[in-house]
Protein chains: 2
Amino acid sequence: MKYQQQAIEKLKEYDVHPSIQRVMILDYLLSCNVHPTVDDIYSALLKDTPTLSRATVYNTVNKLVEVGLVRQLKDIDKKEARYDACLETHGHFKCVKCGKIFDFKVCDKLILDKKLEGFTVNTKTVYFQGVCPECNKVNS
Amino acid sequence: MKYQQQAIEKLKEYDVHPSIQRVMILDYLLSCNVHPTVDDIYSALLKDTPTLSRATVYNTVNKLVEVGLVRQLKDIDKKEARYDACLETHGHFKCVKCGKIFDFKVCDKLILDKKLEGFTVNTKTVYFQGVCPECNKVNS
DNA sequence: AACCTCTTTGGAAAGATTCTAACTTTAGAA
DNA sequence: TTCTAAAGTTAGAATCTTTCCAAAGAGGTT
Ligand SMILES: [Mn+2]
Ligand SMILES: [Mn+2]
Ligand SMILES: [Zn+2]
Ligand SMILES: [Zn+2]
């Protein structure tokens, strides 16, 4: 509930009615930095709200993505999409050994190809895969 | 059938038996630069091979991805995954107006965050969204 | 030919997401 | 406060994509 107030304000700012469920879900997305799946969100919130339905979680994250309050990440997971409430352009690194997902900064001068002159870039998705330092240590 | 021979050689190189269907599908992926979905592939090849099964297309693209001959792209499309036989690291730009997908070069010095020191990067996925020059013209 | 292995097929099944219709809550007017 | 219309939620059915599986097919070897 750390980001409850912030969630309500953001929802209002984006003209989305701040219903209890929407606030809960956005609050959760803002406070956790684990890039959860729909099922992660559902499971986490079910404890406090046993009446919550999966459909509401789907409806809500879809709405949040639609208005631009949340980003959907599909490449990271083989099956389920993941969600990120951090709007700033940043990259994701997934360690293929431990499965952890790390955020990292992406320079704005990412565009280095002359080909992209004339293109208007709205969103940038950067996703790397490899091995994290921890897992690198273990193997060496 | 332009890349048939190349497809056969690549399959052999990656220790995948070059069956008729696999050659067809890889040939198609190599010759078209549209980043097709499974259904695109299936529909396109069905004309010449009416016995082809959807399951075979799934099996084949999964095998090709598994051995590393083809890349799967999930973020581009809301629903279906897309496939790309171009193995060189490159970015994708999708125009939100016309839906076209453009390839562009990505500089190797993409990693600019100190945070990524100590990480071993194996694969890089870069996906931008925005408006292409053509569609930019139309609106202005 | 008989046998072995790898591949494809087609249908069933699973898994994720969306749709639908009934029910509940909200916001604003009376 | 009470009423009403609109918006949101629920549960389950439906749909859509993808995988699984068992049977049939193709090729190669004894
Ligand atoms: Mn993130
Ligand atoms: Mn490409
Ligand atoms: Zn790791
Ligand atoms: Zn365009």
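First the proteins, then the strands, lettered A, B, ... as listed; each starts at 1. Note that these values count all heavy atoms, side chains included, but never hydrogens, waters or copies made by symmetry. Quantities reported herein were computed from a predicted structural model and do not represent experimental measurements.
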*Whole Å only: how far is the NZ atom of B:Lys74 from the C1' atom of C:dA16?*
11 Å
*asked:* Any carboxylate oxygen within less than 4.0 angstrom of a Lys/Arg side-chain nitrogen, looking at A:Glu134 and A:Lys137?
replied: yes
*Would you mind telling me which of C:dA16, C:dT9, D:dG8 lies closest to the side-chain atoms of A:Ser19?*
D:dG8
*Kindly point out which of C:dT9, C:dT18, D:dT10 is positioned nearest to the side chain of B:Lys79?*
C:dT18
*Round to a whole Å and report the spacing from NE2 of B:His17 to C1' of D:dG27.*
7 Å
*Nearest-nucleotide pick for B:Gln21, side chain only, options being C:dT9, D:dT10, C:dA16*: C:dT9
*Between atom OH in A:Tyr42 and atom P in D:dT9, what is the gap in whole Å?*
15 Å
*Between A:Asn62 and C:dT17, is there a side-chain N or O to OP1/OP2 distance below 4.0 Å?*
no
_Closest heavy-atom pair and its distance - A:Leu46, A:Leu52_ = CD1-O, 3.8 Å
*Separation of atom CG in B:Asp77 from atom C1' in C:dT17, rounded to whole Å*: 15 Å
_With a 6.0 Å cut-off on the ring centroids, do A:Phe93 and A:Tyr127 count as close?_
no
*Using 4.0 Å as the upper bound for N to carboxylate O, is an ion pair formed by A:Arg82 and A:Asp77?*
yes
*Taking CZ from A:Arg82 and P from C:dA16, how many angstroms apart are they, rounded to a whole number?*
12 Å
*Which nucleotide, D:dT18, D:dT10, C:dT9, lies nearest any side-chain atom of B:Tyr58?*
D:dT18
*5'-most contact on DNA chain D: B:Ile20 or B:Gln72, nearest heavy atom basis?*
B:Gln72
*Quickly work out the A:Leu11 CG to C:dA27 P distance and round it to whole Å.*
13 Å
*Whole angstrom is fine here: how far is it from CG in A:Asp39 over to P in C:dT18?*
14 Å
*More 5' along DNA chain C: B:Thr56 or A:Pro18, using each one's nearest nucleotide?*
B:Thr56
_Distance check needed: C:dA16 C1' versus A:Ile41 CD1, whole Å only._
14 Å
*Counting side-chain heavy atoms from C-beta on, which of C:dA16, D:dT18, C:dT9 comes nearest to B:Arg54?*
D:dT18
*Using a 4.0 Å heavy-atom cut-off across all strands, classify B:Asn59 as base, sugar-phosphate, or nothing.*
base
*For the side chain of A:Glu80, counting heavy atoms from C-beta on, which of D:dG8, C:dA16, C:dT7 is nearest?*
C:dA16
_Close side-chain approach of B:Lys10 to B:Leu26, heavy-atom, < 4.5 Å_ = yes
